Amino acid sequence: QVQLVESGGGSVQAGGSLKLSCAASGQTASTYYMGWFRQAPGLEREGVASIYTDGGMTYYADSVKGRFTISQDNAKNTTYLQMNGLKPEDTAMYYCAAGIPRLVGLKWWRHDLYNDWGQGTQVTVSS
């Protein structure tokens, strides 16, 4: 089981930036899909971005393309989500997740295909 700890959330005004970090430990596989998901009150958990740790292929939700950047530092076992141009609709609890490639496949946005989750970090964007 992979242990994941998120950090970097906070409150910003619209147009501002935040950088989330996800520190991983206890990995048993050599490669993973590392995903960022978010969930606002009353809404479904949605995929924001994902990165394949072997090769760095990245995937984004249409709503964040051009504003968010996911990256991976394998030496530090840390996944980042740089969020620029934040909007009030980005307000949510953000979760980091690790998924085994043979289970996630190309469906990176499917939260039910990820095995391990962090506790979440809150992002609040005011207008």
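The structure displayed is predicted, hence computed values, not measured ones.
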What is the minimum heavy-atom distance between Ser17 and Gln82, and which atoms define it?
CB-NE2, 4.0 Å
My understanding is that only one of Trp108, Phe37, Trp109, Tyr95 makes a ring pair (Phe, Tyr, Trp, His ring centres under 6.0 Å) with Tyr114; could you say which?
Phe37
May I ask you to check whether Ser126 and Gln13 show a side-chain donor-acceptor distance below 3.5 Å?
no
Contact summary for Met93 and Gln122, nearest pair of heavy atoms:
SD-N, 3.5 Å
Output for pair (Tyr33 OH, Thr53 OG1), nearest 0.5 Å, gives 9.5 Å
Spacing of CD1 belonging to Ile100 relative to CG belonging to Asp116, to within rounding of 0.5 Å
7.5 Å
On a heavy-atom basis, the closest approach of Ala61 and Gly47 is CB-O, 3.4 Å
Any side-chain to backbone donor/acceptor pair from Gln3 onto Gln1? Under 3.5 Å, distance only.
yes
Spacing of Leu81 atom CG and Lys19 atom NZ [to the nearest 0.5 Å]
10.0 Å
Measuring from atom OG1 of Thr78 to atom CG of Leu20, what distance do you get when rounded to the nearest 0.5 angstrom?
12.5 Å
Check whether Thr91 reaches the backbone of Val125 with its side chain - one donor and one acceptor, N or O, closer than 3.5 Å.
yes
Does any non-hydrogen side-chain atom of Val2 lie less than 4.5 Å from one of Asn115?
no
Answer yes when Asp90 and Lys87 have at least one side-chain N-carboxylate O distance shorter than 4.0 Å, and no when they do not.
no
Where is the tightest heavy-atom contact between Leu86 and Met83, given as atom of each residue plus distance?
CD2-CB, 3.8 Å
Would you say that Met34 contacts Leu4 through its side chain, given a criterion of any heavy-atom pair below 4.5 Å between the two side chains?
yes
Value for CD (Glu6) from CD (Gln119), rounded to nearest 0.5 Å, stands at 4.5 Å
Heavy atoms, side chains only, cut-off 4.5 Å: are Trp36 and Cys96 in contact?
yes
For residues Arg38 and Ser63, determine if any side-chain heavy atom of one lies less than 4.5 Å from a side-chain heavy atom of the other.
yes
Please answer: with hydrophobic residues joined when any side-chain heavy atoms are less than 4.5 Å apart, are Met57 and Leu113 in the same cluster?
yes
Of Tyr60, Tyr80, Tyr59, which meets side-chain contact (heavy atoms from CB on, under 4.5 Å) against Ile70?
Tyr60
Ala92 to Ala40 - nearest heavy-atom pair and separation
CB-N, 3.9 Å
Measure the spacing between CG of Asp54 and CG of Asn74 and express it to the nearest 0.5 Å.
8.5 Å
Can you get from Tyr52 to Leu106 by hopping between Ile, Leu, Val, Met, Phe, Trp and Tyr side chains that sit under 4.5 Å apart?
yes
